Amino acid sequence: MGVDGAATMALARREHALTTWQFSDGNVPSRAVTLPHTNVQLPWHGFADAEFQFVSRYSTTVCEHFAADESVYVDFEAAMVAAVVYLNGVPVGQHRGGFTPFSVELTPLLSSDVEAELLVVLDSTELSDVPPFGGRLDYLTFGGIYREATLRIVNECHINDVCVRAIDVMDPSRRALEVAVSLLGPVVGMTVDVVLHDKEDRELASTRVRVDRAELSTRLDSLEEVELWSPETPVLYRVTVSLGGEQRLIDHVQVRTGFRELRFTERGFSINGKLRKLVGLNRHQTYPFVGAAMPARIQRRDAELIHRGFNCDIVRSSHYPPSKHFLDYCDEQGLLVIEEVPGWAHIGDDQWKSLLLRDLEAMIRRDRNRPSVVLWGVRVNESPDDHAFYSATNSLAHDLDPTRQTTGVRNRLNSEFLEDVFAFNDFRPDGRASAPHLPYLIAEHTGHTYPSSATDPAMHQQEHALRHARVVDQALGDSSVGAVIGWCAFDYATQSSSGAGDGICYHGVADIFRNVKPAAGFYSSQRDPSDGVVLEPAFAWVKADFYWQSTEPHARVAQAPLRGELSPAVFFSNCEELRLYVGEHWIDTLVPLREEFPNLSHPPFRTMRVAEHEGERWGDLRVEGLIAGKVVAKRMMSARGYDARFSVAADDDQIFADGVDMTRVAMVVTDEYGNIRRQATGAVALEIAGPGELVGENPFALVGGSGAIWIRSDREPGDIVVTMRHPTLGAASVTVRSAGRGEA
Ligand code: GAL
C-alpha cells in the first residue's frame with residue numbers, strides 16, 4: 001500500500017527545534033540560552049584564545065510522546081569541538097569535530113511518557129587530535145552549540161538519506177533525475193513514492209518503487225520541460241520521498257535541487273554549456289562577540305552581501321563547511337560555492353585523518369543535492385602532499401558524488417595533483433603564476449600581503465582596493481584561470497600567531513562588523529548598471545592630501561615623508577564617464593582606465609588633476625556619473641573636514657519574535673553627505689527598549705568611524721528600539737519590529 005495523502009501525514013516524522021537549553025560554564029549558575037549559542041561572549045578583538053577554550057554543559061528536557069515502533073533522535077547541525085551526549089546521566093553518543101552534523105539516538109533510554117534530561121558536555125578546547133587542530137591555525141573556532149539542534153521522531157522504518165542527481169541535463173529528451181534512497185528498519189515490502197514538484201508546486205513527475213532492500217534507486221524521466229538552474233535563474237525543484245506501509249504513510253522527507261551542468265574545463269568554467277569566468281571571495285563564518293553562533297538570517301545576510309553587495313559569482317567556504325542557512329541562500333539566489341573540509345596547513349595522525357574523512361563524508365552527504373555547490377575541497381588548505389591520504393579523500397568524494405569535481409587548495413605549484421581541478425593561492429601582487437595543470441583556479445589572492453583595516457588611512461585602503469582590482473583584471477585576461485577568488489570577504493578573528501597583534505586578520509573587503517572598505521566598492525562596481533549604478537570614491541576628500549601638489553617644492557619635501565607617496569584619487573564605478581566639480585567649477589572628466597585594466601567590465605577611474613585646481617577653489621567635491629551622456633549618479637564629498645553626523649541603521653525592519661533571530665544595527669560618523677569619516681572616534685552609549693537584547697559591547701568605541709552591534713529578539717512580540725548616543729554628535733535611534741513567525 002502506498003501513500004495515502006495528507007490525512008495520514010501526521011503519523012510520519014515529527015521534528016521539533018530544540019532551541020532552549022540551560023547552559024553552564026562551571027563558574028556561574030546555569031542560565032537559559034537559545035541556540036545558536038556561543039559559550040562566552042567576547043570583545044570583538046584583543047582577547048586571549050584561551051577564553052573560549054573550556055568545557056561547558058548544555059541541558060534540556062525531552063518530553064515527547066512516541067509510539068512503541070518509533071525511534072527518537074537528536075540531530076545537531078554542529079557543536080564546537082567535542083560533545084558527549086547523555087540522557088538521564090547515561091552516555092548515549094559522542095562526536096569529536098566542530099563543523100559537521102551528527103545525530104544521537106535516544107530511543108532505548110527514553111520512555112514515552114516520562115520527561116528525560118538531555119545533557120551535552122562540550123569541550124571547546126582546540127583538541128590537537130581533531131581537525132582542524134594540531135598545528136598553527138589562521139582562524140578561531142570559538143565554542144558552544146553554535147548551530148541548531150532538532151529532536152526527530154520517526155518510525156523505526158524510516159528514510160535515512162535521499163540523494164538526487166540530475167543527469168543528461170543539456171539534452172531535454174534524455175534529461176532525468178536519479179534518486180537514491182537509503183532506508184532504515186524492516187522496510188522490505190513497503191513502497192517508496194518519489195515526486196518531483198516545480199516552484200509553483202505542480203507535480204512534474206512521479207514514480208513508485210516496491211522496497212526489496214534498504215538502499216534503492218529509481219529515476220524520473222521525461223523532464224523536457226524542466227528549467228535549468230543558473231546564477232541568473234536559480235530555479236529550484238522539490239523532490240518528495242514518501243515511505244508507505246500498510247494503509248499509511250510511514251515517513252516523508254523532501255529535498256531541493258536544481259538542474260544544471262557545471263564543470264571546470266581546460267578552457268575555463270562552464271555552466272550549462274557556456275564558458276564563464278567566476279569572480280569571488282573567501283568567507284570565514286565568524287563575527288564579533290559571538291564567534292560563529294549566528295542564526296539563519298545573519299548567515300543568509302553574509303551570503304547576500306557577498307553575492308549582491310560585492311557582486312560575486314562564487315564564494316569559497318574557507319576552511320570548513322558553512323551553516324546550511326548560508327548554503328540555502330546560495331541555492332535560492334544563484335551564488336556558487338566551493339565547500340571544503342576543516343583544516344589549515346596541518347595533517348595529523350591516522351586517527352586525525354579518519355576524522356577528516358568522516359567530516360568529508362558528512363559534508364558531501366549533507367550538501368550533495370544543492371545546485372550551488374560546484375566543487376568539493378578534499379584537501380586541507382595549504383597542507384603538504386600526502387599521496388595515500390589525498391587519494392583516499394578524492395575517491396571518497398567521487399564515490400559519494402560522481403557528478404561533482406574535486407579540488408584542493410595549495411600554496412605550492414609543484415604539489416602532486418590528484419583532484420579534478422588544481423587550485424592555487426596566488427599571492428603575487430603583479431603577474432599571475434602560470435597554471436601547472438588544467439583545469440585551474442586561483443583560490444586566494446591579496447589577503448595578508450596587504451592587510452587593510454578600517455582605521456588605516458584612506459590612501460592605504462585605496463591601494464588595497466586597487467590590488468584586488470589588478471589581480472582580478474589579470475586573472476580575467478588569462479584563459480587558464482577558471483575562477484579568481486580573493487582573500488577575503490570579511491576581517492576575521494585568528495590565533496595570536498597570525499593577525500595584526502590584536503587577534504584579527506584585516507584581510508576583508510569589509511571589516512568584521514560587515515562594514516565595507518573601498519575594496520568592496522571595486523567588487524560592487526563590476527556589476528551591470530542595469531543591476532544598480534555604482535559610484536564609490538576610494539579616497540577621502542581631505543585638503544592636505546590634495547594640496548601639496550600645487551604648492552612650492554619645499555612644501556612637498558616637508559609633507560612627503562609624512563604622507564608617503566601621494567596617491568591619486570580613484571573611483572570605482574560602472575558609469576561610462578565621471579565629471580568632477582569643485583563648487584561650480586568643472587575640474588576634470590574621467591573615463592575608465594581601460595588600458596590599465598583591459599579585462600574588467602568596469603575599470604576604475606583616476607584623477608590627478610584635483611590638486612592642480614584646488615588652492616583658492618577648495619570646496620565640496622561634486623561627482624557626476626554618466627551613462628550614454630545622461631547623469632545617472634551623483635556623489636558629494638564635503639570640504640569642511642569635520643565629523644558632521646552620526647547615524648544608525650538596522651539591516652532588517654522586522655525579525656522573528658522567537659528568542660533566536662537577530663539583526664545587525666550599524667553606526668557610522670559621516671560628513672554631511674554620508675561619506676564615512678574614518679578618523680572619527682567616540683564611545684557610543686547604547687540603550688535598548690522593548691523585547692530584545694543587545695549583543696555587543698556597550699559603550700561601543702567606534703572603529704574607523706563606524707561599527708555595529710547585533711540585537712536578538714525575545715519571545716514577546718513588539719517594537720525593539722535601539723538608541724545610540726555619540727559623545728558629541730548626539731543620539732540616533734532605530735526601531736525593529738519583532739513579530740511572530742507568521743507575521744515577520
Ligand atoms: C593563506 C591561507 C588563508 C589565510 C590567508 C591570509 O595562505 O590559506 O587561510 O591565512 O593566507 O592571506
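Every value quoted in this text rests on a predicted model; they were computed, and no experiment measured them. Scope of the values below: all heavy atoms of this structure, side chains included, with no hydrogens, waters or symmetry mates. Counting starts at 1 for both ligands and their atoms, in listed order.
- Taking only nitrogen or oxygen atoms, main chain and side chain alike, His284 does not reach within less than 3.5 Å of ligand 1.
- Short contacts between ligand 1 and Asn381, defined as distances under 4.0 Å to a heavy atom of the residue, involve ligand atoms 2 (C), 8 (O), 9 (O).
- Numbered from 1 in the order shown, with element, the atoms of ligand 1 that lie under 4.0 Å from a heavy atom of Tyr492 read 4 (C), 10 (O).
- Here the heavy atom of the protein found nearest to atom 6 (C) of ligand 1 is His448 ND1, 3.3 Å.
- Taking the ring axis of Phe422 as reference, the NZ or CZ atom of Arg410 stays within 45° of it and closer than 6.0 Å to the ring centre.
- In this structure, Arg432 does not pair ionically with Asp478, as no charged nitrogen and carboxylate oxygen lie closer than 4.0 Å.
- The pair Arg300-Glu332 meets the salt-bridge criterion, with a side-chain N (NZ, NE, NH1 or NH2) lying under 4.0 Å from an Asp/Glu carboxylate O.
- Close contacts of ligand 1 with Asp138, meaning ligand atoms under 4.0 Å from a residue heavy atom, involve 4 (C), 10 (O).
- Looking at Asp401 and Arg368, no side-chain N of the basic residue comes within less than 4.0 Å of a carboxylate O on the acidic one, giving no salt bridge.
- Here is the list of ligand 1 atoms found below 4.0 Å of a heavy atom in His507: 6 (C), 12 (O).
- Using a 4.0 Å heavy-atom cutoff, Tyr139 is absent from the residues neighbouring ligand 1.
- The distance from ligand 1 to the heavy atoms of Gly447 drops below 4.0 Å at these ligand atoms: 12 (O).
- Look at Asp386 and Lys353 and you find a salt bridge, because one of the NZ, NE, NH1 or NH2 atoms lies within 4.0 Å of a carboxylate O, short of that distance.
- When each atom of ligand 1 is checked for a heavy atom of Glu382 under 4.0 Å away, the hits are 1 (C), 2 (C), 7 (O), 8 (O).
- Atom numbering of ligand 1 starts at 1 in the shown order; those under 4.0 Å from a heavy atom of Asn425 are 8 (O).
- The protein heavy atom nearest to atom 1 (C) of ligand 1 is Glu444 OE1, 2.9 Å.
- When the ring pair (Phe, Tyr, Trp, His ring centres under 6.0 Å) test is applied to His464, the partners found at least two apart in sequence or on another chain are His468.
- Under the 4.0 Å criterion applied to side-chain N and carboxylate O atoms, Asp123 and Arg96 are not assigned as salt-bridge partners.
- A cation-pi contact links Arg514 to Tyr287, judged by a cut-off of 6.0 Å to the six-membered ring centre and 45° from its axis.
- The side chain of Trp344, and not its backbone, has at least one atom closer than 4.0 Å to an atom of ligand 1 (non-hydrogen atoms only; side chain from C-beta on).
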